[in-house]
**Q** 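Attaching a single structure in structure tokens format; questions to follow.
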Amino acid sequence: MDPLRRSPSPCSSSRPSSPSTPACEMFGPIGIEAVLGQLKIKAMKMGFEFNIMVVGQSGLGKSTMVNTLFKSKVWKSNPPGLGLPTPQTLQLHSVTHVIEEKGVKLKLTVTDTPGFGDQINNDNWDPILGYINEQYERYLQEEILITRRHHIPDTRVHCCVYFVPPTGHCLRPLDIEFLQRLCRTVNVVPVIARADSLTMEEREAFRHRIQKNLRTHCIDVYPQKCFDEDINDKILNSKLRDRIPFAVVGADREHLVNGRCVLGRKTKWGIIEVENMAHCEFPLLRDLLIRSHLQDLKDITHNVHYENYRVIRLNESHLLPRGPGWVNLDPASPGQLTSRRPFKVCRGAHDVSEDEF
Amino acid sequence: MASSEVARHLKRENIRSLTMSGHVGFESLPDQLVNRSIQQGFCFNILCVGETGIGKSTLINTLFNTNFEDHESSHFCPDVKLKAQTYELQESNVRLKLTIVNTVGFGDQINKEESYQPIVDYIDAQFEAYLQEELKIKRSLFTYHDSRIHVCLYFISPTGHSLKTLDLLTMKNLDSKVNIIPVIAKADTVSKTELQKFKIKLMSELVSNGVQIYQFPTDDDTSAKINAAMNEQLPFAVVGSMDEVKVGNKMVKARQYPWGVVQVENENHCDFVKLREMLICTNMEDLREQTHTRHYELYRRCKLEEMGFTDVGPENKPVSLQETYEAKRHEFHGECQRKEEEMKQMFVQRVKEKEAMLKEAERELQAKFEHLERLHQEERMKLEEKRRLLEEEIIAFSKKKATTEICHNQSFLATGRNLWKDKDRKNSNFL
């Protein structure tokens with residue numbers, strides 16, 4: 001079970017926390033359910049925020065993938081890297097959009113990393129980790145203000161999609177190094193890019209090898225096993241974990257197939273349909289990122305990764321003994337943070353039997 | 001409205017809107033959010049303030065359609081105490097952790113000056129506990145049992161005249177800390193016409209005294225109209241009852257009198273249904289949000305400022321918590337050093353004094369000793385003298401004794417032979 005799961009300790013004797021609260025039977029419905037509707041209204045009014053980062057070598061189709069995911073031209077101009085010379089250093093390129101669907105507003109921020117893995121010496125991943133930590137830092141600074149804003153703008157990276165080149169062999173040292181570092185600070189979803197260059201059997205073999213690599217190097221990708229809350233989650237997530245990394249193909253052009261207009265890549269030997277599960281696993285990725293696990297990604301970022309960062313930051317200035325009321329902050333350099341191994345704060349799991357409430 | 005606000009905000013941030021060419025699927029986002037909330041469960045805390053016997057427990061029972069607690073409270077408490085009970089309710093798939101806080105002994109004392117203070121202290125204590133948790137380094141806010149009071153139901157006695165001073169005083173002290181919803185209790189003792197006048201009187205008194213009661217939010221289209229109408233009807237006149245009475249061919253919750261039956265859920269008889277609607281069905285989430293974003297933030301700001309933290313320094317430059325903290329720490333250290341020095345000095349002083357004292361005592365003792373020794377010496381000499389004299393006497397005496405003995409011996413020798421002869425004759429006579 002989760003070692004950090006503990007009942008909230010009463011801070012003063014006047015707190016009404018009793019370890020065993022009696023369950024009361026109501027004689028009839030009174031309308032508590034309506035609070036769900038209230039929540040929905042509030043959420044629709046406020047809108048949602050989602051920040052995604054795509055990491056991978058140039059030419060793997062990251063920008064196309066983003067366009068396919070959100071069915072629009074996310075990048076204003078041509079996708080960076082297309083026809084342009086590869087950047088000399090690792091850069092970060094962010095763009096923000098607001099998209100709306102059926103009354104739900106989503107503020108989407110996509111961060112691209114052109115230049116990753118393209119240089120001769122590729123051990124400089126500080127800009128990426130620095131960027132992620134900088135977003136955490138920004139949130140932390142807002143949170144500790146005396147007069148806080150009503151709603152703190154959330155720029156923290158919720159999900160990082162890591163594109164693995166379709167070599168068919170196994171994860172490369174660069175991949176392993178980077179994934180190890182990245183997994184500790186952000187939710188990582190690895191995908192096999194340009195999967196149309198692999199046959200089905202090659203795909204399966206590649207996938208298994210990657211999974212083995214991940215296990216050997218203790219790389220914990222999303223969905224993490226330790227955060228499965230109940231049995232339903234476990235079942236659902238195990239199914240997903242079997243298929244990670246997804247083999248995806250991106251396309252932003254439409255073609256006519258059997259009278260239907262589908263997104264796909266047209267080649268001389270056929271049209272690869274992006275949304276066809278038989279051709280590639282793009283629908284799985286889309287469902288994971290958007291339709292079913294978006295809120296979960298945000299939750300884990302907020303409750304686990306951000307809290308981990310916060311603990312490290314607050315522990316960093318070792319000036320005076322820490323007490324519950326004191327907040328120590330030091331302007332820290334990103335290098336200092338990435339060299340540490342943050343301990344994992346496991347999210348408390350809720351039991352079906354609420355014996356703690 | 002809200003959407004134009006968002007649009008303006010976006011323009012400022014140079015974010016453009018994107019149109020999608022197909023169905024992406026994130027309209028399920030609110031549902032995902034709701035699912036997560038269902039998993040976590042909801043928390044709602046109600047504080048009931050009112051005199052003993054005014055019907056607080058009965059109203060809560062009726063509101064939540066269950067029997068929470070049975071016994072009546074006593075009227076003889078020396079001061080106001082707050083009693084909190086937590087219950088778990090479940091309706092279909094929604095779990096609600098409900099905490100009811102009752103004021104015991106409110107309005108019973110003879111001197112009611114301090115009656116409101118325990119209530120204010122309790123509310124502050126819950127905020128404090130949350131603040132402590134939030135400031136911890138290793139915190140777990142998502143499993144924290146939120147005990148902050150979300151709404152305060154203030155029960156007004158149905159006198160029909162006006163607010164009591166105690167009510168005004170208490171509400172004035174609570175309005176910046178908690179959402180207050182005033183209700184007129186035992187409303188079946190007030191007639192309809194009196195009720196209308198009473199309500200108007202109450203509201204005008206509250207307004208003229210600057211008491212901020214909770215206003216149902218009117219900024220959202222779906223509930224604006226109904227909320228606005230309800231705002232007009234405050235304070236709600238309520239009747240509570242868990243007893244069932246047969247009216248027509250249904251069993252309804254009501255109070256039976258010889259002159260009629262007061263039905264709790266009949267809108268013509270009392271405003272109970274309106275209260276339940278507003279409290280639970282329409283505005284529960286807003287009450288929680290107001291508590292968190294307004295009342296709690298106010299408390300937090302005041303508390304942190306009290307501790308000496310500011311966002312802006314003396315020259316209006318933004319000051320980080322770090323700098324303030326460093327400054328305070330320096331101060332504290334300086335203070336500690338100073339105290340330490342002081343104590344050291346005091347210690348040295350004391351030691352000196354003690355040493356002097358001891359030396360003095362030593363000297364005295366020495367003097368005494370010498371004096372005694374002298375006396376002893378004199379005594380001894382005297383005794384020596386006496387001894388000498390005595391010895392001389394002894395010698396003289398023994399000389400005398402010796403000469404007398406010699407004389408005596410001589411005379412004895414001379415007369416001794418005669419004696420012997422006499423003795424022999426005597427002895428021979430016998431024989």
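Chain naming here is simple, since letters A, B, ... match the order of the sequence lines and numbering starts at 1 in each. Given the structure is predicted, the values throughout are model-derived calculations rather than measurements.
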**Q** Considering only heavy atoms, which portion of A/Arg291 lies under 4.5 Å from any heavy atom of chain B: side chain, backbone, both, or neither?
**A**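 Answer is both: backbone and side chain atoms of A/Arg291 are under 4.5 Å from chain B.
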
**Q** What's the verdict on salt bridge (Lys or Arg N to Asp or Glu O under 4.0 Å) for B/Glu88 and B/Arg95, showing C-alpha distance, side-chain angles and the deciding distance?
**A** CA-CA 7 Å; B/Glu88 256 213 47; B/Arg95 274 179 292 119; 5.2 Å; no

**Q** For B/Val94, is it the side chain, the backbone, both, or neither that has a heavy atom closer than 4.5 Å to a heavy atom of chain A?
**A**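 Only the side chain of B/Val94 comes within 4.5 Å of chain A.
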
**Q** Which label fits B/Phe127 and B/Tyr296: parallel for a plane angle under 30°, tilted from 30 to 60°, or perpendicular past 60°?
**A**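 Rings of B/Phe127 and B/Tyr296: tilted, as their planes differ by 30° to 60°.
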
**Q** Are A/Arg260 and A/Glu273 within salt-bridge range, i.e. N to O under 4.0 Å?
**A**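 Salt bridge flag = yes for A/Glu273 with A/Arg260.
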
**Q** Decide salt bridge (Lys or Arg N to Asp or Glu O under 4.0 Å) for B/Glu133 and B/Arg148; before the verdict, give the C-alpha distance in whole Å, the side-chain angles of both, and the deciding distance to 0.1 Å.
**A** CA-CA 13 Å; B/Glu133 183 66 28; B/Arg148 300 173 293 181; over 6 Å; no

**Q** Would you mind checking which part of B/Ile38 comes under 4.5 Å of any heavy atom in chain A, side chain (CB onward), backbone (N, CA, C, O), both or neither?
**A**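 Just the side chain, heavy atoms under 4.5 Å.
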
**Q** Do the charged groups of B/Lys138 and A/Glu307 touch, with an N to O distance under 4.0 Å?
**A** no

**Q** Would you please say whether a donor-acceptor pair under 3.5 Å links the side chains of A/Glu137 and A/Tyr309?
**A** yes

**Q** With a 4.5 angstrom heavy-atom cut-off, could you sort out which part of B/Asn283 is near chain A: side chain, backbone, both or neither?
**A**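 Contact with chain A involves the backbone of B/Asn283 alone.
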
**Q** For B/Glu297, is it the side chain, the backbone, both or neither that has a heavy atom under 4.5 Å from a heavy atom of chain A?
**A**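 Side chain only.
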
**Q** Give, as side chain, backbone, both or neither, the part of B/Leu29 having an atom under 4.5 angstrom from any heavy atom of chain A.
**A** both

**Q** Pick from B/Leu63, B/Val34, B/Asn35: which one has the most heavy-atom pairs with chain A under 4.5 Å?
**A**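 Looking at each of B/Leu63, B/Val34, B/Asn35 in turn, B/Val34 comes out on top.
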
**Q** Is there a donor-acceptor contact under 3.5 Å linking the side chains of A/Asp154 and A/His302?
**A**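 Side-chain D/A pair, A/Asp154 to A/His302: absent.
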
**Q** Do NZ/NE/NH1/NH2 and the carboxylate oxygens of A/Glu143 and B/Arg139 come within less than 4.0 Å?
**A**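 Looking at B/Arg139 together with A/Glu143, the answer is yes, because their closest N to O distance falls below 4.0 Å.
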
**Q** Could you tell me which portion of A/His151 (side chain, backbone, both or neither) has an atom closer than 4.5 angstrom to a non-hydrogen atom of chain B?
**A**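 Neither the backbone nor the side chain of A/His151 comes within 4.5 Å of chain B.
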
**Q** Side chain, backbone, both or neither: which part of B/Phe44 has a heavy atom under 4.5 Å from chain A?
**A** neither

**Q** Report which part of A/Leu69 has an atom under 4.5 Å of a heavy atom belonging to chain B: side chain, backbone, both, or neither.
**A** backbone

**Q** Go through A/Glu100, A/Lys298, A/Lys42 and name the one with the most non-hydrogen pairs under 4.5 angstrom from chain B.
**A**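 Among the listed options, the one with the most contacts to chain B is A/Lys42.
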
**Q** Would you mind checking which part of A/Ile41 comes under 4.5 Å of any heavy atom in chain B, side chain (CB onward), backbone (N, CA, C, O), both or neither?
**A** side chain

**Q** Does any donor atom in the side chain of A/Asn51 or A/Lys107 lie under 3.5 Å from an acceptor atom in the other side chain?
**A** no

**Q** Between B/Gln90 and chain A, which part of the residue has a heavy atom less than 4.5 Å away: side chain, backbone, both or neither?
**A** backbone

**Q** Tell me, for A/Thr109 versus chain B, whether the close heavy atoms (under 4.5 Å) come from the side chain, the backbone, both or neither.
**A**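 Interface part for A/Thr109: neither.
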
